[in-house]
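Residue numbers start from 1 in every chain, and the chains themselves are labelled A, B, ... in the order their sequence lines are given, proteins ahead of strands.
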2 protein chains.
Amino acid sequence: MPKLVDREVRRQEILEVTWRLMATRGADAATMREMAREAGHANGALAPYFAGKDELVEAAFVHVFDRTNDRIRRAVVGKRGLSALRAFLVEVLPATEDTRLEARIVLPFCSRTVADDRFAELNDAAMRRWRQELRRLVAEGREDADVTVDTPDDVLVEQLVATALGLQVLALLPGSPTSADTQLAMLESALTALSPR
Amino acid sequence: MPKLVDREVRRQEILEVTWRLMATRGADAATMREMAREAGHANGALAPYFAGKDELVEAAFVHVFDRTNDRIRRAVVGKRGLSALRAFLVEVLPATEDTRLEARIVLPFCSRTVADDRFAELNDAAMRRWRQELRRLVAEGREDADVTVDTPDDVLVEQLVATALGLQVLALLPGSPTSADTQLAMLESALTALSPR
């Protein structure tokens, strides 16, 4: 049995490799055998770290969510209100290769919430954290007079979260994906609407 | 072999029963056996209508999408521009028991698009139809001076579609689902933003 710290480092290394395979091939299609190969382990050697496929998929979602949140934290540092809101949401949009790959994990995860209470609660907790942070930034925007619209803050926050989640579907469409330019224009339009003339 | 018309009627009857089971239990969890029982058929008697589970799930999505579009058509009759936009989007929001059930089908369907090109193309075609119709209504809104915002029409349309899709995730969360009241407030806020003061 490896030491606890080594174990957590190794676990994160496995996740950093396997989530990309799940994103590319689909979380359901990717097999434990392929993921073990990708992680440089003999088949079955993932077992000390993950009890099974469900546990690995769940850990991959948490890993991707942590990745996104780390990026958001770095992007928001030193900003407040409206400019922090912009920086936060840019990191969530599936407008780059990396965030498009993340959307390919988030979408199957969201779908599992329909039939799986554990996944639903994880997703719920993740969205509650986002709402809480966005609500704080909207309140700062009010203080700075960058948010002057009559709409209540919780409705504004929900609009921003819904737009980001909806784009995770639309950006992956094969024939008419929402382009990065359109996504950024949507974001600017949403932020402009916070202070109507 | 039943006559073609009877066959289509029977096929629709089966779908009207089975999609609700898929929505309740999850499309993956519901078995062909259960769905046959629900449809009043002996196990296996779905075979003349659907070659297998994938075909049934695909047909259920198309069925649900047709249901939504029929409802939209009826709601929009005799309306134009902004009031037609409102009527359209109200039918899409997961704000009623029926539309929440529909969201429970749409979400797993969207998720399958990640790994399944056929599902991705179906979803793409569905979203293209919505965009086309919404673009027409936004253009009417411009004629009526109910839409005056600077944002280009295709960006506005994408914002409306993304919000509707995002709500299909948020309204299903167990701990903090977006309430019907908040959804309707989001819609009004989005429509108000089309003509800033």
Side-chain angles (χ1 to χ4, degrees), chain A residues 23-30 103-117 120-121 123-125 127-128 131 149-152 154-156 158-159 161-170 172-178 182-183 185-186 188-190 192-197, chain B residues 23-30 103-117 120-121 123-125 127-128 131 149-152 154-156 158-159 161-170 172-178 182-183 185-186 188-190 192-197:
Chain A
T24 312
R25 299 251 295 120
D28 289 326
R104 293 174 64 95
I105 287 285
V106 172
L107 204 48
F109 185 89
C110 286
S111 149
R112 289 201 186 201
T113 63
V114 168
D116 186 322
D117 290 345
E121 278 156 28
N123 199 31
D124 209 356
M127 289 304 108
R128 269 201 299 262
R131 284 169 175 145
V149 72
D150 288 340
T151 310
D154 59 336
V155 175
L156 293 178
E158 212 63 12
Q159 285 182 292
V161 176
T163 304
L165 289 181
L167 275 172
Q168 304 211 306
V169 180
L170 292 171
L172 300 184
L173 293 179
S176 47
T178 309
T182 300
Q183 292 183 45
M186 289 164 71
E188 286 312 317
S189 174
T192 302
L194 297 179
S195 57
R197 286 184 292 274
Chain B
T24 313
R25 296 253 293 122
D28 290 325
R104 293 174 65 94
I105 287 285
V106 171
L107 204 48
F109 185 89
C110 286
S111 149
R112 288 200 188 202
T113 63
V114 169
D116 185 322
D117 290 345
E121 278 156 28
N123 198 31
D124 208 356
M127 289 305 108
R128 270 200 299 260
R131 285 167 174 148
V149 71
D150 289 339
T151 310
D154 58 335
V155 174
L156 293 178
E158 213 62 14
Q159 285 182 291
V161 176
T163 305
L165 289 181
L167 275 171
Q168 304 210 305
V169 180
L170 293 171
L172 300 184
L173 293 180
S176 47
T178 309
T182 300
Q183 291 183 46
M186 288 164 72
E188 287 312 316
S189 172
T192 302
L194 297 178
S195 58
R197 290 183 289 273

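Between the side chain of Asp124(A) and the main chain of Gly175(B), a donor-acceptor pair closer than 3.5 Å is present.
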### Query
Does the pair Arg131(A) and Thr178(B) meet the rule for a side-chain contact (heavy atoms from CB on, under 4.5 Å), with working shown?
CA-CA 11 Å; Arg131(A) 284 169 175 145; Thr178(B) 309; 3.6 Å; yes
### Working for side-chain hydrogen bond (donor to acceptor under 3.5 Å, both in side chains), residues Ser111(A) and Arg112(B)
CA-CA 9 Å; Ser111(A) 149; Arg112(B) 288 200 188 202; over 6 Å; no
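Only the side chain of Met127(B) comes within contact range of chain A, with heavy atoms under 4.5 Å apart. With a threshold of 4.5 angstrom between heavy atoms, Asp150(B) approaches chain A through side-chain atoms but not through N, CA, C or O. Interface remark: Val169(B) contributes side-chain atoms only to the contact with chain A (heavy atom separation under 4.5 Å). In this structure, chain B has no heavy atom under 4.5 Å from any part of Val106(A). Looking at Thr151(B), the atoms closer than 4.5 Å to chain A (heavy atoms on both sides) all sit in the side chain, from C-beta outward. For Val149(B), no part sits under 4.5 Å from any heavy atom of chain A, backbone or side chain.
Each of Ser176(A), Gly166(A), Ser189(A), Pro108(A) has some count of heavy-atom pairs under 4.5 Å with chain B, and the biggest count is that of Ser176(A). Top candidate by heavy-atom pairs under 4.5 Å with chain A, chosen from Thr163(B), Leu165(B), Leu170(B), is Leu170(B). The candidate from Cys110(A), Ala193(A), Pro152(A), Ala23(A) with the greatest count of non-hydrogen atom pairs under 4.5 Å with chain B is Cys110(A). Interface summary for chain B: among Ala115(A), Ala120(A), Ala125(A), Ala164(A), the most heavy-atom pairs under 4.5 angstrom belong to Ala120(A).
With sequence neighbours left out, the side chain to side chain contact (heavy atoms under 4.5 Å, CB included) criterion links Ala190(B) to Gln159(A), Leu160(B). The side chain to side chain contact (heavy atoms under 4.5 Å, CB included) search around Ala103(B) returns Pro94(B), Gln168(B), Leu172(B), not counting sequence neighbours.
Contact annotation: the side chain of Arg25(B) never approaches that of Val114(A) to less than 4.5 Å [non-hydrogen atoms, C-beta and beyond].
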